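Just so it is clear, the structure is predicted and the values come from calculations on it, not from any experiment.
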Amino acid sequence: MKKFRIFVINPGSTSTKVSLHEDETTLFSTDVFHDSTVLRTFPTINDQLPYRMQVIRQFIADHQIDLHGIDAIVGRGGSCYSVESGVYEINDLLIRDTREAKGGLYHASMLGVQLADELHKEYGGLELMVDPPVVDELCDLARITGIKGVYRRAVSHALNLRAVAMHHAKVTGRKYADCNFIVCHIDGGISVTAHQHGRMIDGNDAGGGEGPLTPTRMGSLAVTDGLRCLKGLSDEEVRSLCSQTGGFSSHFGTSDSNKVHAMVEAGDPAAARVWDAMIYQIIKWIGSMAAALGGKVDNILLTGGLLRFPEIEERIVENCGWIAPVVSYPGELEHEAMAAGALRILRGEEKPKQYPGHPVWQGFPED
C-alpha cells in the first residue's frame, strides 16, 4: 500500500509549528516561539507572512527535507467565512477571504492557508484545510445578543478541541456523538467550549476578545470600559489587543508564559495577581459551559501548552471537579488531526469539501 507524505503548517498567536508525517507517523516536528515584541514590528498579521515562511524554510533546511513529490500540504485555517467542520480544499477564494478576514477573526491562523499555498506552488500536492477556528456549530440561543441583528460568532481552537474530544471518547470506549464534554484549550489563546453529542454548541469567541485573559488577549471587557480605555486607538490596534498585544503582553510587555511564571515564582505580586486571574476566569467560563449543558457533563477535558504549569490543572480540578471528572491532555493534537484529515482524503475515505464563500449560518428566517 502506498505511503503518503503530509506536511503540516500551524501558525499560532505565539508560535509557528510545522511537521512532516508519513501516514500516521510523525517524522519531524518543530515549534518556534515568537515573542509579541517581535510580532508587534509587523503592521498587520498578513505582513508576517515572509517572516513565518522563513521559519518554515529553516525547518526544511535543518532537517534536509525534500518536499518534491509531497502528497498533501495542510495549512491551519483562519479567518474565512464560518464553515462546517471537516476537511476543505484550499482554493483562491478561500485564500482571498482568509487574507481579507471575511469571517471577522483577526489571528495568526489566517496565515496557515497562505503559507500552504506558497509551498504548494513550489512542490505541488493537495493543499488542504482542516477544522479552522471559524467552525460554527452554535445552538440558536448562543447566538443572540441584546442588539437586534448582532449575533455572537463561533471562533475557537476548533481543531484541537474537536481532536481532543474525539480522542478522549475513543480511548474511553465511547463515541464523540454520544458524549457531553467541556473542552478547554489553554495556551497563548484560550477557548472554553461546550460539546453536546458531537457538536460545539457554545463557547467564548476566542478570537474576538471574549473569554479569559490570556498571554496575548485582553479577554472580556465591559463595553463602557472599552469606550473609555480604547478611545483613540485604531481598529487595527483594538483587534491586536484581542489577539496579540493584550493579556500578559499588555501587563508585562511579553507574551512569554515562562517569563511571567518565573516572575510569579520570584514573588512578584502583580504577576501573581494576573496569573491567578487568568486561571480564575477559566474556571468561571467552565462553570458557564456546565450550565449551557444543563449540568449533564461527562468530562471536563483540558489541553494546550500552558498545562505544563501544574497549578492550572490543580486549581481547575479543585474548583470544577464537582461538575465532572477532569482529564488533562497537555500540549495539543492539532498536527495529528490535520495529518489524519489529509490522510482520509488521500486514502479515498472521504472527499474534500469545497469552501462555499459565505457563512455556514446566515441568520434567522425573520432577519
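- For the residue pair Ser255 and Thr216, no side-chain donor N or O sits within less than 3.5 Å of a side-chain acceptor on the partner.
- Using a 30° and 60° split on the angle between ring planes, Phe181 and Tyr176 fall in the parallel class, below 30°.
- Checked for salt-bridge contact, Arg239 and Glu236 meet the test: a charged N lies under 4.0 Å from a carboxylate O.
- Looking at Gln244 and His34, their side chains never bring a donor and an acceptor atom within 3.5 Å of each other.
- Between Gly203 and Trp285, the closest heavy-atom pair is C-CZ3, 4.3 Å.
- The distance from atom CG of Leu343 to atom CD1 of Ile345, rounded to the nearest 0.5 Å, is 10.0 Å.
- In this structure, Arg315 contributes its side chain and Asp276 its backbone to no donor-acceptor pair below 3.5 Å.
- Taking the side chain as every heavy atom from C-beta outward, Thr98 and Met129 never approach each other to under 4.5 Å.
- A 6.0 Å sphere centred on CD of Gln64 holds no more than 12 heavy atoms belonging to other residues, nucleotides or ligands.
- Side-chain contact between Tyr123 and Phe7 is absent, with no heavy-atom pair separated by less than 4.5 Å.
- By the 4.5 Å heavy-atom criterion applied to side chains, Arg40 and Ser249 are counted as neighbours.
- Contact check on Glu366 versus Lys148 returns no salt bridge, with no Lys/Arg side-chain nitrogen under 4.0 Å from an Asp/Glu carboxylate oxygen.
- Distance check: Ser288 OG to Asn204 CG gives 8.5 Å after rounding to the nearest 0.5 Å.
- Annotation: Tyr280, atom OH; neighbour count of heavy atoms from other residues, nucleotides and ligands within 6.0 Å does not exceed 12.
- Atoms CG and NZ, from Asp31 and Lys17 in turn, are 5.0 Å apart once rounded to the nearest 0.5 Å.
- Contact of the Ile186 side chain with the Ile316 side chain is registered, since non-hydrogen atoms from C-beta on lie closer than 4.5 Å.
- Looking at Arg217, its side chain does come within 3.5 Å of a backbone N or O of Ala206 through a donor-acceptor pair.
- Taking every heavy atom of both residues into account, Arg5 and Leu20 meet most closely at NH1-CD2, 4.5 Å.
- Between Arg76 and Ser109, the side chains place no donor N or O within less than 3.5 Å of an acceptor N or O (distance only, hydrogens not considered).
- Side-chain atoms of His167 and Tyr329 include no donor-acceptor pair closer than 3.5 Å.
- If you take CG on Asn180 and CD1 on Ile201, they are separated by 7.5 Å, rounding to the nearest 0.5 Å.
- Of the possible polar contacts, one joining the Ser243 side chain to the Tyr106 backbone as a donor-acceptor pair under 3.5 Å is found.
- Atoms OG and NZ, from Ser85 and Lys353 in turn, are 5.0 Å apart once rounded to the nearest 0.5 Å.
- More than 12 heavy-atom neighbours from other residues, nucleotides or ligands sit within 6.0 angstrom of NZ on Lys2.
- Hydrophobic clustering (ILVMFWY, side-chain heavy atoms < 4.5 Å, transitive): Val18 and Val32 are in distinct clusters.
- Side-chain contact of Asp367 with Tyr151: a donor-acceptor pair under 3.5 Å is present, judged by distance alone.
- At a threshold of 4.5 Å between non-hydrogen side-chain atoms, the residues Asp23 and Arg347 count as touching.
- Using a 4.5 Å cut-off on side-chain heavy atoms (C-beta onward), Val87 and Arg344 make contact.
- In the hydrophobic clustering of this structure, Met278 groups with Met289; members are Ile, Leu, Val, Met, Phe, Trp, Tyr whose side-chain heavy atoms approach within less than 4.5 Å, directly or through other members.
- At most 12 heavy atoms of other shown residues, nucleotides or ligands fall within 6.0 angstrom of atom CG in Asp92.
- The cluster map of Ile, Leu, Val, Met, Phe, Trp and Tyr, joined by side-chain heavy atoms under 4.5 Å apart, puts Leu126 and Tyr355 in different clusters.
- Side chain of Asp131 to main chain of Gly86: a donor-acceptor pair is present (N/O by atom type, distance under 3.5 Å, no hydrogens or angles).
- Arg308 contributes a side-chain N or O that, together with a main-chain N or O of Gly305, makes up a donor-acceptor pair within less than 3.5 Å.
- Ile182 and Ile312 fall within a single hydrophobic cluster, where Ile, Leu, Val, Met, Phe, Trp and Tyr are joined by side-chain heavy atoms under 4.5 Å apart, directly or via other members.
- In this structure, Arg52 and Glu118 have side chains that are not in contact, with every pair of non-hydrogen atoms separated by 4.5 Å or more.
- Annotation: side chain of Val55 is not in contact with side chain of Phe59 (no heavy-atom distance under 4.5 Å).
- Checked for salt-bridge contact, Glu122 and Arg57 meet the test: a charged N lies under 4.0 Å from a carboxylate O.
- Judged by distance alone, the side chain of Ser250 and the main-chain N or O of Gly247 form no donor-acceptor pair under 3.5 Å.
- Using cut-offs of 30° and 60° for the angle between ring planes, the His107 and His157 rings count as perpendicular.
- Atom CD1 in Ile90 sits 10.0 Å away from atom CD in Gln114 (nearest 0.5 Å).
- Hydrophobic clustering, with ILVMFWY side chains joined whenever heavy atoms are under 4.5 angstrom apart, groups Leu27 together with Leu67.
- We find that Arg143 and Asp136 are joined by a salt bridge, their nearest charged nitrogen and carboxylate oxygen being less than 4.0 Å apart.
- Side chains of Glu332 and Asn160: no donor on one and acceptor on the other come within 3.5 Å.
- The minimum heavy-atom distance linking Ser19 with Ser29 is given by the pair CB-CB, 3.7 Å.
- The heavy-atom pair separating Gly188 from Thr214 by the smallest distance is O-OG1, 2.6 Å.
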